[in-house]
Protein chains: 2
Amino acid sequence: MSQHRHPGAPGRAGAVPALPDLPEATVARLPEYLRALHALADTGHETVSSEGLANAAGVNSAKLRKDLSHLGSYGTRGVGYDVTLLIEQIESVLGLTQCRSVALVGVGNLGHALAGYDGFASRGFRIAALFDADPSRVGEEINGLVVRHVDELARVAVEESISIGVIATPAPAAQAVADQLVAVGVTSILNFAPCVLSVPEGVDVRKVDLAIELQILSFHEHRKASLTALPGGLAATDTQEAIGT
Amino acid sequence: MSQHRHPGAPGRAGAVPALPDLPEATVARLPEYLRALHALADTGHETVSSEGLANAAGVNSAKLRKDLSHLGSYGTRGVGYDVTLLIEQIESVLGLTQCRSVALVGVGNLGHALAGYDGFASRGFRIAALFDADPSRVGEEINGLVVRHVDELARVAVEESISIGVIATPAPAAQAVADQLVAVGVTSILNFAPCVLSVPEGVDVRKVDLAIELQILSFHEHRKASLTALPGGLAATDTQEAIGT
DNA sequence: AGGCGCTTGTGAAGAGGTGCACAAATCGCG
DNA sequence: CGCGATTTGTGCACCTCTTCACAAGCGCCT
Ligand SMILES: NC(=O)c1ccc[n+]([C@@H]2O[C@H](COP(=O)([O-])OP(=O)(O)OC[C@H]3O[C@@H](n4cnc5c(N)ncnc54)[C@H](O)[C@@H]3O)[C@@H](O)[C@H]2O)c1
Ligand SMILES: NC(=O)c1ccc[n+]([C@@H]2O[C@H](COP(=O)([O-])OP(=O)(O)OC[C@H]3O[C@@H](n4cnc5c(N)ncnc54)[C@H](O)[C@@H]3O)[C@@H](O)[C@H]2O)c1
């Protein structure tokens, strides 16, 4: 995405932080490895094999090794990976060494749940500010944070050095909110509103849409239903299955 | 996934519903097209070109045409696609013609928001039952639905003919809940708990993990930051960018 | 009726991701 | 010190997905 490839010239090799230029699919899996690694660290494991970690993360072990190989050789053959070292490396690559400040816009039904969620802080994200357009919500305190009016976004964003914006407003307001976020310099947006956002180049948008997830499940349900009409056996094998994200 | 390919023998051609066997990437995009189509229908459009629909859905028009071609030829050359016809076709393929019943397990912070969300019903999903393990929550009424104890799952699942289960419990409880859902015959699960679920073959699991989304954004933020240290211009082009799901 | 412009549907090429299989590397032990 | 057990890192083949480019098809206008 917006990334030019120069096959012959690997983006100024030999620089200080190396900038590995990871495949997107790998980036999407690193957080899963990280979670599994934290769980292993908590249970006292010092090293883990690719097989063990792959199991814990629910992926193929070859895939895991290839993913990790992209960020350098941090494993020991015959032994495995040092859990704490690998955690450090992945967190470094993901840019989690610095705590990132998040602004949440739209403190409604969903916004409340997000604001009260402790899973952000534990992963190195700090919800730094809450915004809403509804005057009756402004001033409300949630989890130690006061809801501010969205007009204050510009000022607060700078004060709190916001780096990620989360949109939890109704869909019709989402584009306007995105524009405001972009205007104050936010270049990463997580969008919960069911709509496509148009943003300038250089701004990353990821979306979470529950209805889409359910519809995908519905399709597979539908397919399974039309399949059970004819095939041989419904022998209950115990192989496990998952769907790629 | 768990789907055998016989290149020479296209899965008993000539059957009644045809069962198009769509690429997974296409299935994931159909709901987006559907949303865009509904928006177009609401604004009075009767037909739409691949270019127009692709724009509304935020994808490449060639990709959209290929996606739609997988479910048959429902466009008219020189004109475009009939909006209502296409809606019907996509809904039919996704299995949305019948309303699917959803069971939500774990009515906490996030569960409350989900239970009160009206975006499900409008997409053909019905939240048919709410469950929690906490006795103090059982009996509570949310959006016209009473929270039941999770032990009643087996009975209620059959009564309400549940086809999709949503897990919004803390991570340590998620696997047990998944097992219970599978035990009562649920073959599609949407998991919000940050953990991997192990399920038998034939059961589909999709997960939504906000921390992962934020970490992916963090990576790109990190990359952009290390990039701005050296390159030529930050010329504000107005091309828009999105990240694949 | 015929031509013209527009749009679909698709072949083909390329890019990216996956998983196997194995050589290379490391550790522990005799 | 050497050997075998173990595990990483990766070359390779395969597969899926994306994107381009264009012929075929359709409607409209003259
Ligand atoms: N609730 C859910 O479980 C759920 C699930 C999936 C998706 N969503 C989506 O998330 C979004 C929020 O859902 P919700 O249930 O919380 O809706 P909600 O109506 O409860 O909350 C929306 C909040 O956004 C505020 N708002 C509106 N316009 C605004 C603006 N311009 N600037 C700032 N704030 C503004 C409103 O005042 C309100 O407080 C919706 O787009 C919805 O489709 C919600
Ligand atoms: N709140 C958020 O915004 C958010 C965001 C992302 C992910 N999550 C994840 O979603 C899950 C729920 O989050 P939350 O904030 O609602 O937590 P919560 O603690 O508020 O709610 C969890 C609920 O699950 C119930 N529960 C526990 N064990 C159960 C069991 N065995 N069977 C049925 N119910 C059970 C609890 O009684 C509680 O009501 C967590 O895994 C969390 O990590 C939450």
Side-chain angles (χ1 to χ4, degrees), chain A residues 1-8 10 20-30 32-33 45-83 85-86 89 216 239 241-245, chain B residues 1-7 20-30 32-33 37 45-83 85-86 89 239 241-245:
Chain A
M1 249 68 49
S2 80
Q3 200 65 345
H4 305 272
R5 300 265 167 173
H6 292 263
D21 200 17
L22 304 170
E24 196 55 36
T26 296
V27 174
R29 281 187 296 266
L30 287 181
E32 308 241 32
Y33 303 155
H45 295 72
E46 296 198 349
T47 64
V48 64
S49 68
S50 65
E51 190 69 31
L53 183 53
N55 251 8
V59 301
N60 184 301
S61 71
K63 200 189 312 198
L64 180 135
R65 286 199 298 276
K66 186 153 291 186
D67 283 342
L68 295 186
S69 77
H70 283 123
L71 29 125
S73 274
Y74 293 105
T76 309
R77 299 179 184 217
V79 177
Y81 299 90
D82 182 293
V83 172
L85 174 63
L86 198 50
Q89 284 305 321
I216 295 173
T239 321
E241 167 188 349
I243 298 183
T245 314
Chain B
M1 247 57 64
S2 77
Q3 201 65 346
H4 306 273
R5 299 264 168 173
H6 292 263
D21 199 18
L22 305 170
E24 196 56 34
T26 296
V27 174
R29 281 187 297 265
L30 286 181
E32 308 241 33
Y33 303 156
L37 284 166
H45 295 72
E46 296 196 350
T47 64
V48 64
S49 68
S50 66
E51 190 71 30
L53 183 53
N55 251 8
V59 301
N60 185 301
S61 71
K63 199 189 317 198
L64 180 134
R65 284 199 299 276
K66 184 146 289 187
D67 283 341
L68 295 186
S69 77
H70 283 125
L71 28 123
S73 275
Y74 294 105
T76 309
R77 296 176 188 223
V79 177
Y81 299 90
D82 182 292
V83 172
L85 175 63
L86 198 49
Q89 284 305 320
T239 321
E241 167 189 350
I243 298 183
T245 313

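Source: prediction; values computed, not measured. Labels below follow one simple rule: chain letters A, B, ... track the order of the sequence lines, proteins then strands, and each chain is numbered from 1.
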So which protein nitrogen or oxygen atoms get under 3.5 Å of nucleotides 22-25 of chain D's nitrogens or oxygens?
| unit_1 | atom_1 | unit_2 | atom_2 | d |
| --- | --- | --- | --- | --- |
| D:dA24 | N3 | B:Arg77 | NH1 | 2.6 |
| D:dG25 | N2 | B:Gly78 | N | 3.4 |

Query raised in the report: So which heavy atom on A:Tyr33 is nearest to which on A:Ala57, and how close?
Result: CD2-CB, 3.7 Å
**Report entry** Whole-Å gap separating C1' (D:dA13) and NZ (A:Lys63)
**Finding:** 17 Å
Query raised in the report: Distance check: side-chain N/O of B:Asn60 vs OP1/OP2 of D:dC17, anything under 4.0 Å?
Result: no
**Report entry** Residue list, side-chain hydrogen bond (donor to acceptor under 3.5 Å, both in side chains) with A:Asn60, at least two apart or on another chain
**Finding:** none
Query - Rounded distance (Å) that lies between atom C1' of D:dT8 and atom CG of A:Asp67 - result: 14 Å
Query raised in the report: Considering residues at least two apart in sequence or located in another chain, which fulfil the side chain to side chain contact (heavy atoms under 4.5 Å, CB included) criterion with B:Ala28?
Result: A:Ile216
Report task. Please check the phosphate of C:dT26 (OP1 and OP2 only) for any side-chain N or O of A:Thr76 closer than 4.0 Å. Result -> no
Query raised in the report: For B:Ser49, which residues count as a side-chain hydrogen bond (donor to acceptor under 3.5 Å, both in side chains) partner, sequence neighbours excluded?
Result: none
Query - Under 4.0 angstrom between B:Ser73 side-chain N/O and C:dG9 OP1 or OP2 - result: yes
**Report entry** Gap between atoms OH and P, on A:Tyr33 and D:dT8 respectively (whole Å)
**Finding:** 13 Å
Requested in this report: Mind calculating the distance between CG (A:Asp82) and C1' (C:dT26) to the nearest angstrom?
Outcome: 15 Å
Query raised in the report: Tell me: CG of A:Leu64 to P of D:dT7, nearest whole Å?
Result: 14 Å
Query raised in the report: When we call it a touch if two heavy atoms are under 4.0 Å apart, what does B:Thr26 touch: a base, just sugar-phosphate, or nothing?
Result: nothing
Query raised in the report: Any side-chain N or O of B:Tyr81 under 4.0 Å from OP1/OP2 of D:dC26?
Result: no
Query raised in the report: Does A:Ser49 place a side-chain N or O at less than 4.0 Å from the phosphate oxygens OP1/OP2 of D:dT7?
Result: no
Query - Partners passing salt bridge (Lys or Arg N to Asp or Glu O under 4.0 Å) against B:Arg65 (at least two apart in sequence or in another chain) - result: none
Report task. Starting from P on D:dT18, measure out to CG on B:Leu22 and report it in whole angstrom. Result -> 13 Å
Query - Euclidean distance, atom CD of residue A:Glu24 to atom P of D:dT18 [Å, nearest integer] - result: 13 Å
Report task. Please state how far atom OH in B:Tyr74 lies from atom C1' in C:dT10, giving the value in whole angstrom units. Result -> 18 Å
Query - Nearest non-hydrogen partners of B:Tyr81 and B:Tyr74, listed with the distance - result: CD2-O, 3.7 Å
Report task. List in chain and number order the residues that pass side chain to side chain contact (heavy atoms under 4.5 Å, CB included) with A:Thr26, two or more places apart in sequence or in another chain; answer none if no residue qualifies. Result -> A:Pro23, A:Arg29, A:Leu30, A:Asp67, A:His70
Requested in this report: Check every strand shown and say whether A:Ala62 touches a base, only sugar-phosphate, or nothing at a heavy-atom separation below 4.0 Å.
Outcome: base
Query raised in the report: Out of C:dT26, C:dT7, C:dG11, which nucleotide sits closest to the side chain of B:Lys66?
Result: C:dG11
